[in-house]
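Here's the structure we're looking at; comments come further down.
Just follow the structure's listing: the first ligand is 1, and inside any ligand the first atom is 1. Remember, it's a predicted structure, so these values are computed and weren't measured experimentally.
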Amino acid sequence: MRKSFHMTPNEFRAAGHTAIEWVARYLEDVENYPVLSQVQPGGIRARLPAHPPDSGESFEAIMNDLDAIIMPGITHWQSPNFFAYFNGNASAPSILGELISAGLGTQGMLWATSPAATELETLVLDWLVELLGLPDAFLSTGRGGGVIQDTASSSTLVATLAARERATGFTTNKTGDLGHLTAYTSTQAHSSVEKAVRIAGIGSANLGLVDVDANYAMQPEHLERLMLEDVAAGKTPAVVIATVGTTSSTAIDPVQRIGEIARRHGAWFHVDAALAGSATVLPDMRWLHEGLELADSYVVNPHKWLFTNLDFSALYVTDRSALINTLSVLPEYLRNEATESGEVIDYRDWQIGLGRRFRALKLWFVVRHYGVEGLRHHVAGHLRMAKELADRVRQHPDFDLAAPVPVNLVCFRHRGGEAVNQHIMDTVNASGEAFFTHTKLDGKLTLRMAIGQTYTEDRHVRRAWDLIVEAAASAE
Ligand SMILES: *Cc1c(COP(=O)(O)O)cnc(C)c1O
């Protein structure tokens, strides 16, 4: 009888070298893979055994199936030819930070369960305030602070919960008594806002959808009107959510004016800059944040555009006690001296879940590897490539820009109508040479290319544009 089924340290060492070599080769070759996986639903599962193996298998056998069966079902987010949705960009230092985090396998729910996990998280989030030029009120050294969440959706949910609690004098956690609270966001906001409002118990029927202007940015006058109507009807505005860089078209809501209105009504002001926030690593992009001093909370996703692989969403608040009063529950079995002393942060009180991974390592590795200079260089490159693509669209007689290009997303349409645009998208995506997605603006099918993959260069953007023009020609 075997004493152990574990990998020995030496087996792990050998398999580990193989795995690193595999990832290194993948990143070298990824631009040659068809970007969008072409498998049919169920196609991957059908090729895998229906039941778990009775006896353990070799690492080699597992890797063989990874190559043969799993890889065809991968859409290559790390391909420089990936222009779909918003990028989820990774980088070598981030991958290594993730690996070491997995190696440590810590559970950082409390300061006491791994002091370094908590303290490094606090530090890198304070660094990020400086890197992005965010208001000092978000620093942990005052009354505010940042916390890593898995996604912007969780960040916005947690902020909405704190807003709900503050609006009711921190009573609804106990009483569950709702029905008079309202929330506001623009018609162009991310779907995670409605989801948060639903989960927080405010209810999507109490979510005021504010009209947008010709550039798809929130109209503050309409926000004010909706809030006044609700107040007159006996409702309490709990939260206003503005977007810096909407998902459809990267429209920039006027944060300053929206913040002033939210303040006037005593509503929590949350700013969702999940993608575009990373652009402010460049001082000349900090106009995006004008008025952010008025925000109670703010979310940016380094896992979209700051070379840090999923998951890493940074949520900031100016008053951490509002968040902690909303989310803290302390059962006997988690009581400990450090917590009782009040001298430490227990991040479990800043999120929905209890357990948490050591994600700070990723951003720490990234920032130390690239330095401010490196981060600026690569983000500036994406911005430049987006502007140049926008110029190409503008100069082409058959294409129009469909929205302004404040950051790294280009929205455009062929003049031939819906069918031609659909044909262009389907043709290019089926070719596997590039992958982009669509949205609807003013009810019209709109093609969109996000330029933010870590290794995207001019030649990739130029090639994608050539494919688009060729596909348009083949539609006629
Ligand atoms: C991508 C995005 C989200 C959702 O991000 P997740 O981290 O996937 O939840 C929310 N808001 C905006 C503006 C986004 O671009």
Output the list of atoms in ligand 1 that are nearer than 4.0 Å to some heavy atom of [X], sorted by atom number.
X	answer
Lys304	1 (C), 2 (C), 3 (C), 4 (C), 5 (O), 14 (C), 15 (O)
Asn301	5 (O), 6 (P), 7 (O)
Thr247	12 (C), 13 (C), 14 (C), 15 (O)
Gly245	13 (C)
Phe86	15 (O)
His303	7 (O)

At their closest point, which heavy atom of [X] faces which heavy atom of [Y], and how far apart are they?
X	Y	result
Ala238	Ala163	O-CB, 3.8 Å
Ala276	Leu288	O-CD1, 3.8 Å
Met425	Phe436	CA-CZ, 3.7 Å

Thr243 N/O under 3.5 Å from ligand 1 N/O:
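By distance alone, the answer is no.
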Under a heavy-atom criterion of less than 4.0 Å, does Ser192 contact ligand 1?
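Judged by the 4.0 Å heavy-atom criterion, Ser192 does count as contacting ligand 1.
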Contact with ligand 1 for Thr246, non-hydrogen, under 4.0 angstrom
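Thr246: no contact with ligand 1 (<4.0 Å).
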When you measure from the side chain of [X] to the backbone N and O of [Y], does any donor-acceptor pair fall under 3.5 Å?
X	Y	answer
Glu224	Ile261	no
Gln38	Leu36	yes
Asn173	Thr326	yes

Between Tyr26 and His76, what is the ring plane arrangement, given parallel below 30°, perpendicular above 60°, and tilted in between?
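The arrangement is tilted - the two ring planes meet at 30° to 60°.
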Over 60° means perpendicular and under 30° means parallel, so tell me whether His414 and Phe399 are parallel, tilted or perpendicular.
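Rings of His414 and Phe399: perpendicular, as their planes differ by over 60°.
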Check: Phe412 ring centre within less than 6.0 Å of His396 ring centre
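Centroid distance Phe412-His396: not below 6.0 Å, so no.
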Return the residue, atom name and 0.1 Å-rounded distance of the protein heavy atom closest to [atom].
atom	result
atom 7 (O) of ligand 1	Ala152 N, 2.7 Å
atom 9 (O) of ligand 1	Ser153 OG, 2.5 Å
atom 11 (N) of ligand 1	Asp272 OD2, 2.6 Å

Going by the closest heavy atom to atom 4 (C) of ligand 1, which one wins out of Gln149, His190, Gln188?
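Among Gln149, His190, Gln188, the closest heavy atom to atom 4 (C) of ligand 1 belongs to His190.
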